[in-house]
Amino acid sequence: MKFAGKTSIALGEETIGEKKLTFGVSSMLLSDNFLGVEGDLALTPQFFGPGLQRTISSSGVTTLTGNVIIAVPKAITQESLRPYLVSGLGLIHARVTTTAGVLDTRANLLGLDIGGGAIGFVSPRAGARFELRHFKTLTNDARAVTIGGTTRLSFWRLTAGLVLRY
């Protein structure tokens with residue numbers, strides 16, 4: 001779920017703070033010590049909501065990030081929940097389609113994500129993961145229709161997921 005969004009993208013700023021469901025998949029390589037890497041892909045449909053006076057017909061944000069993970073070593077946590085910090089860079093693709101087709105936006109932006117979570121297993125192969133991350137754009141896309149001329153987008157994402165270990 002995404003929440004607490006902020007943006008300069010036109011028409012989306014009024015309703016971006018609404019909570020929206022996010023769908024995604026991650027692949028993580030985590031050592032028994034403290035270091036790991038992760039690839040994360042997520043899509044939030046209707047990210048910007050209906051917009052000012054329901055002017056947005058569809059919208060979405062897709063994130064594709066590569067991340068570094070710093071976790072509490074397995075020697076300390078044993079088989080219980082294993083807390084970790086995660087941060088990385090990647091693509092944030094924002095799309096807004098308006099009902100009139102006048103202020104449509106498609107922006108590809110470099111983004112930063114940072115957060116933390118915990119992972120735990122209930123069997124040798126299956127477990128759960130809980131996480132909170134903040135995403136923020138670092139670049140500008142001149143093609144985006146914005147208020148103030150700079151493409152800004154930031155939001156929080158809360159996730160819970162099934163973990164499969166190979």
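Computed over heavy atoms, backbone and side chain alike; hydrogens, waters and symmetry mates excluded.
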Rounded distance (nearest 0.5 Å) linking atom OG1 of Thr65 with atom CD1 of Ile114: 12.5 Å
Main-chain N/O of Thr55 paired to Thr98 side chain as donor or acceptor, under 3.5 Å: no
Side-chain H-bond candidate by donor/acceptor type, Thr151 with Asn140, under 3.5 Å: yes
Distance (rounded to the nearest 0.5 Å) between Leu109 CG and Ile92 CD1: 7.0 Å
Donor-acceptor under 3.5 Å (Thr7 side chain, Ile9 main chain): yes
Exercise: identify the closest heavy-atom pair between Gly49 and Ser59: N-OG, 4.0 Å
Any donor-acceptor N/O pair, Ser8 side chain to Thr150 backbone, under 3.5 Å: yes
Smallest separation among heavy atoms of Pro83 and Thr77, with atom names: CD-CG2, 4.1 Å
Any donor-acceptor pair under 3.5 Å from Asp40 side chain to Ser26 backbone: no
Intermediate values then yes/no, side chain to side chain contact (heavy atoms under 4.5 Å, CB included), Ser154 and Thr137: CA-CA 6 Å; Ser154 66; Thr137 57; over 6 Å; no
Euclidean distance, Ile16 CD1 relative to Leu153 CG, rounded to 0.5 Å: 5.0 Å
Side-chain (Ser31) to main-chain (Leu35) donor-acceptor, under 3.5 angstrom: yes
Distance in Å, Thr159 OG1 paired with Arg133 CZ, rounded so as to fall on 0.5 Å steps: 7.0 Å
Side-chain (Lys2) to main-chain (Glu18) donor-acceptor, under 3.5 angstrom: yes
Quiz item: cation-pi between Lys20 and Phe3, 6.0 Å / 45°: no
Inter-residue atom distance Trp156.CH2 - Lys19.NZ, 0.5 Å rounding: 14.5 Å
Flag side-chain contact, heavy atom, 4.5 Å: Glu38 against Val86: yes
Rounded distance (nearest 0.5 Å) linking atom CG of Leu81 with atom CZ of Phe130: 7.0 Å
Residues, nucleotides or ligands: over 12 heavy atoms within 6.0 Å of Phe121 CZ: yes
Donor-acceptor under 3.5 Å (Thr139 side chain, Leu110 main chain): yes
Atom of Asp141, atom of Arg106 and distance for their closest heavy-atom approach: OD2-O, 3.8 Å
Student check: side-chain heavy atoms of Ile69 and Leu30 closer than 4.5 Å: yes
Check: Phe34 ring centroid to Tyr84 ring centroid under 6.0 Å: no
Leu41 and Thr62, any side-chain heavy atoms less than 4.5 Å apart: yes
Asn108 vs Leu91 side-chain heavy atoms within contact, under 4.5 Å: yes
Within 45° cone of Phe135 ring axis and under 6.0 Å: Arg157 NZ or CZ: no
Any Asp113 side-chain heavy atom under 4.5 Å of Thr63 side chain: no
Exercise: identify the closest heavy-atom pair between Ser57 and Thr99: CB-CG2, 3.9 Å
Distance-only donor-acceptor check, side chains Ser58 and Arg95, under 3.5 Å: yes
Within one Ile-Leu-Val-Met-Phe-Trp-Tyr cluster: Val68 and Leu89, side-chain cutoff 4.5 Å: no
Under 3.5 Å: donor-acceptor pair, side chain of Thr22, backbone of Leu43: no
Asn33 side-chain N/O to Pro73 backbone N/O, donor-acceptor pair under 3.5 Å: no
Sidechain-backbone polar pair: Arg165 side chain, Pro124 backbone, donor-acceptor under 3.5 Å: yes
Shared hydrophobic cluster for Leu64 and Val25 (ILVMFWY, side-chain gaps under 4.5 Å): yes
Side-chain heavy-atom pair Phe48, Thr97 within 4.5 angstrom cut-off: no
